[in-house]
Protein chains: 2
Amino acid sequence: MAAKPGIPKGTRDFSPVEMAKRNYIFNTIRDVYHLYGFQQIETPSMEMLSTLMGKYGDEGDKLLFKIQNSGDYFSGLTDEELLSRDAAKLASKFCEKGLRYDLTVPFARYVVMHRDEISFPFKRYQIQPVWRADRPQKGRYREFYQCDADVVGSDSLLNEVELMQIVDEVFTRFGIRVCIKINNRKILTGIAEIINEADKIVDITVAIDKLDKIGLENVNKELAEKGISAEAIDKLQPIILLQGSNSEKLETLKQVLASSETGLKGVEECEFILKKFASLRKTEMPDLFDDKTNQIELDLTLARGLNYYTGAIFEVKALDVQIGSITGGGRYDNLTGVFGMPGVSGVGISFGADRIFDVLNQLELYPKEAVNGTELLFVNFGEDEADYSLSVLTKVRAAGIRAEMYPDSAKMKKQMTYANAKNIPFVAIVGENEMKENKVLLKNMLSGEQTLLGSDELIAAIRP
Amino acid sequence: MAAKPGIPKGTRDFSPVEMAKRNYIFNTIRDVYHLYGFQQIETPSMEMLSTLMGKYGDEGDKLLFKIQNSGDYFSGLTDEELLSRDAAKLASKFCEKGLRYDLTVPFARYVVMHRDEISFPFKRYQIQPVWRADRPQKGRYREFYQCDADVVGSDSLLNEVELMQIVDEVFTRFGIRVCIKINNRKILTGIAEIINEADKIVDITVAIDKLDKIGLENVNKELAEKGISAEAIDKLQPIILLQGSNSEKLETLKQVLASSETGLKGVEECEFILKKFASLRKTEMPDLFDDKTNQIELDLTLARGLNYYTGAIFEVKALDVQIGSITGGGRYDNLTGVFGMPGVSGVGISFGADRIFDVLNQLELYPKEAVNGTELLFVNFGEDEADYSLSVLTKVRAAGIRAEMYPDSAKMKKQMTYANAKNIPFVAIVGENEMKENKVLLKNMLSGEQTLLGSDELIAAIRP
């Protein structure tokens, strides 16, 4: 007897119900991407290790899944090399391919390889799995999907506005109330400039982020401990205490950053994006205090991907569920420089499908139609009844109704259990009487109501 | 300067146009699967090698892509083992996971692992990539998609009928004329029985298949060379020369196989499937000579997956393009026995997406709507015009039209080139005059016609 089979840790099977929900998420995002003129591409699951290595830091290199070369992967290896047992070094001899770690590096590689076919600005989206040999834990998987959209080859801030519209639209369609947080790398750079502490910007944002929890005094203490001078901490006070509406925050920042050209540029960009976005929503300057629609918050503690982003930074938090960021993105320069094609700037967002899945589950927001499979099951009472049912079934399907007949003339109870397990809302029962009258007995599985109907009436009853 | 990047041999990038075409294929197949009550599942790309090894023969084991263990994959290996450089043997020490080779073995593993959640008969479909370290060649890739549907846990032949209906429906939707070939493993077993040559059935089907090319005399010669007795060859004559309509073929087979219980059972199954299928089509017995609809041919040379299939065998050939089989399938026993769960029979089909892609390309059958992306581009003449355009754009998108504005106020020629490259059928031009009149100049890119329209008229013009 064979051993009970399992799957690699950190990976998942998706059942029919889970797939229907996931497809609802992907299709909603895809529809909105299409509405905004984004086009889908796909890249291979495997990339050359030379493409992937060195792009995610030392830690990232370790988390790459590497694929063993086919055939004699020992060729060219000396005894000494083998006996060194240097796993990291020899991996590059045993393997030349790896599974993609994200969608960004393969996209950069795609842009470089296909530069002559692409008409810039290139608005592409990509929904594919990525793999990371991370230690699996709750909510962290070794195989998971990313849903990225990027515009490359255009510096216009209208692209940032459009991505905010997309985020707004997607979460409105999901029915998830969110706060879209926005920041700008140039503002952070400006802050570091005015206090002459260019390398301390992460320490500063981490400390500011704790204001609500530990209070101003302790934030200042932490900044001092990080080696920031008393004078600099003094200058930081209006920024630590930055409060009010987005407009008020922007006004404060204009004053504080008056001497930093970069800082002011960041404020200006933020203001442009927020104002355009608001005017297209036909509302005032969007705000954190807006409770009719999704909230927008200028948040200086937002410092994701700081080494990567060069302008706007986005992050989205669900308002009604405690969970980490469910979408993020920003503006970056030089996407493709590492592959020898300089000067390609871009801006992108990435929806976190797994977390959105959890939020929709928790709030029970899946629309019934999206998750429904078969709409109608014909019970099977034997050959004659089956023949009759099959001819009605053909008509029903031709009307676009998802329908099936139980393939065996099993016990009624078994067939009804099947209908319940598959959550089928209607069951058609055909016995001798129904055949004689050229009708079908339609049972509504929710109400229990039973009605005798002709085939056209049957179709109308299911698709009113 | 970095080296020019490439992708692993046998893998592909898919451009926006290719993706749109592929999505059309997958969506068409998916829609029909849903119409027949099939539910989607997904399994991880990686499976344990213990799940995969030994399921595809020695050759298959060699073609598995194996994933190197994370961390110190040398642990537990002696110097002697290492220096043996036995690539095949040591692969199992270095690797415990591999990429899936097909969708069938992971599906069997899924059924066993989730047996308690599944309500049988289980009608599942799965559309996912698989990986094989085959030597790449024209039309053969190392990563490609399979689109499988299977019903497991039901012996009813109505499942076979339904799968034939699905094949018929899918290719009708594609507009590809096909011949659906059908055979039955039990007929082949019956033929072997009556001539007492159980192990020669492959030789026999291969020889019969050559009848048109080499003639009866040479077929008989080949059979003799394969060691089949003169008496057996004599008995085989009606089978080699089997001709006429499917009904005629079935009649001949009934006579020839009169002494073989298994053979007659196979004939009976074939007859049942063909008759039911015909009655649901509201036609006579479907036939090879049917030129109004897809053709159906009982073809004894069909012997695909002979070690695997136990009943019906299907294969689909395109009628108007020279290409191998574009879909195949059949009935199998004991899907899950190898994982310790005996007695699960099933029947399935698999659409060959890559070949269907080629056929649709060659016959130019892609519907325009399916491949279209953005429907309307707003040209960008500067900030005021952009602001005006963006407000119209919001309305247009709210009407469900896929639309975008060129993000930079670049030269007109550049923007029109972009529209052409993306195959956008309509361009909206907004200058000072249009703004004054509160209108938009809509250009039909195909006809060149230009019309001045209000925003509602604009929407109506694009979506009449």
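We name chains A, B, ... by the order of the sequence lines, and we start the count at 1 in each one.
- When all heavy atoms of K97(A) and F65(B) are compared, the closest pair comes out as CE-CE2, 3.9 Å.
- Contact count against chain A (heavy-atom pairs under 4.5 Å) is highest for R109(B) among R109(B), K62(B), R22(B), E162(B).
- Residue contact with chain B, scored on non-hydrogen atoms closer than 4.5 Å, is absent for N69(A).
- Annotation: maximal heavy-atom pairing with chain A below 4.5 Å, among L390(B), N420(B), L393(B), occurs at L390(B).
- The residue among I424(A), L63(A), L90(A) with the most heavy atom pairs within less than 4.5 Å of chain B is L90(A).
- The residue among L158(B), D13(B), I41(B) with the most heavy atom pairs within less than 4.5 Å of chain A is D13(B).
- Between L77(B) and L82(B), the shortest heavy-atom distance links the atoms CD1-CD2, 4.2 Å.
- The distance from atom CZ of F122(A) to atom CZ of F38(A), rounded to the nearest 0.5 Å, is 10.5 Å.
- Your options are D86(B), I7(B), T374(B), L99(B), and the one with the most heavy-atom pairs under 4.5 Å with chain A is I7(B).
- The closest donor-acceptor contact from the side chain of R100(B) to the backbone of P129(B) lies under 3.5 Å.
- Aromatic rings from Y33(B) and Y125(B) are positioned such that their centres are separated by under 6.0 Å.
- Per-residue heavy-atom pair counts under 4.5 Å with chain B were compared for E42(A), K123(A), E404(A), R124(A), and the maximum is reached by E42(A).
- Ring orientation note: the planes of W131(B) and W131(A) are nearly perpendicular, at an angle over 60° on the 30°/60° scale.
- The environment of K55(A) atom NZ is dense: over 12 non-hydrogen atoms of other residues, nucleotides or ligands sit within 6.0 angstrom.
- Of the listed residues L376(A), I401(A), L35(A), the one with more heavy-atom pairs under 4.5 angstrom with chain B than any other is L35(A).
- Interface residue E383(A): only side-chain heavy atoms are found under 4.5 Å from chain B.
- Both the backbone and the side chain of S154(A) have a heavy atom closer than 4.5 Å to some heavy atom of chain B.
- Both the backbone and the side chain of Q40(A) come within less than 4.5 Å of a heavy atom of chain B.
- Counting heavy-atom pairs closer than 4.5 Å to chain A, the top residue among D72(B), T43(B), T51(B), L83(B) is L83(B).
- At a 4.5 Å heavy-atom cutoff, E375(A) makes no contact with chain B through either its backbone or its side chain.
- Contacts of S84(A) with chain B are absent, with no heavy-atom separation under 4.5 Å from either backbone or side chain.
- The 12-atom threshold is not exceeded at CD of E80(A), counting heavy atoms of other residues, nucleotides or ligands nearer than 6.0 Å.
- Only the side chain of Q165(B) comes within contact range of chain A, with at least one heavy atom under 4.5 Å from a heavy atom of that chain.
- Ring orientation note: the planes of F74(A) and F94(B) are tilted relative to one another, at an angle of 30° to 60°.
- Nearest heavy-atom pair, R142(B) versus A133(B), reported as atom, atom and distance to 0.1 Å: NH2-O, 3.6 Å.
- Looking at every heavy atom in both residues, A386(A) comes nearest to N380(A) through CB-OD1, 3.9 Å.
- Contacts between D387(A) and chain B at a heavy-atom distance below 4.5 Å involve the side chain alone, from C-beta outward.
- Taking S70(A), A403(A), A410(A) one by one and counting their heavy-atom pairs under 4.5 Å with chain B, the maximum is reached by A403(A).
- Counting heavy-atom pairs under 4.5 Å between each of A91(A), S50(A), A88(A) and chain B puts A91(A) at the top.
- At a threshold of 4.0 Å, the pair R12(A)-E18(A) does not count as salt-bridged, since none of the basic side-chain nitrogens sits closer than that to a carboxylate oxygen.
- Interface check for chain A: of the options G373(B), G400(B), S15(B), the most heavy-atom pairs under 4.5 Å are formed by S15(B).
- If you tally non-hydrogen atom pairs under 4.5 Å between each of P8(A), A421(A), S119(A) and chain B, the highest count goes to P8(A).
- At a 4.5 Å heavy-atom cutoff, the contact between E143(B) and chain A is made by side-chain atoms alone.
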### Task
Could you give me the CA-CA distance, side-chain angles and deciding distance for Y418(A) and K422(A), then say whether side chain to side chain donor-acceptor pair (under 3.5 Å) is met?
CA-CA 6 Å; Y418(A) 176 84; K422(A) 266 184 111 164; 3.2 Å; yes
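- In this structure, chain B has a heavy atom under 4.5 Å from the backbone of F120(A), while its side chain stays farther away.
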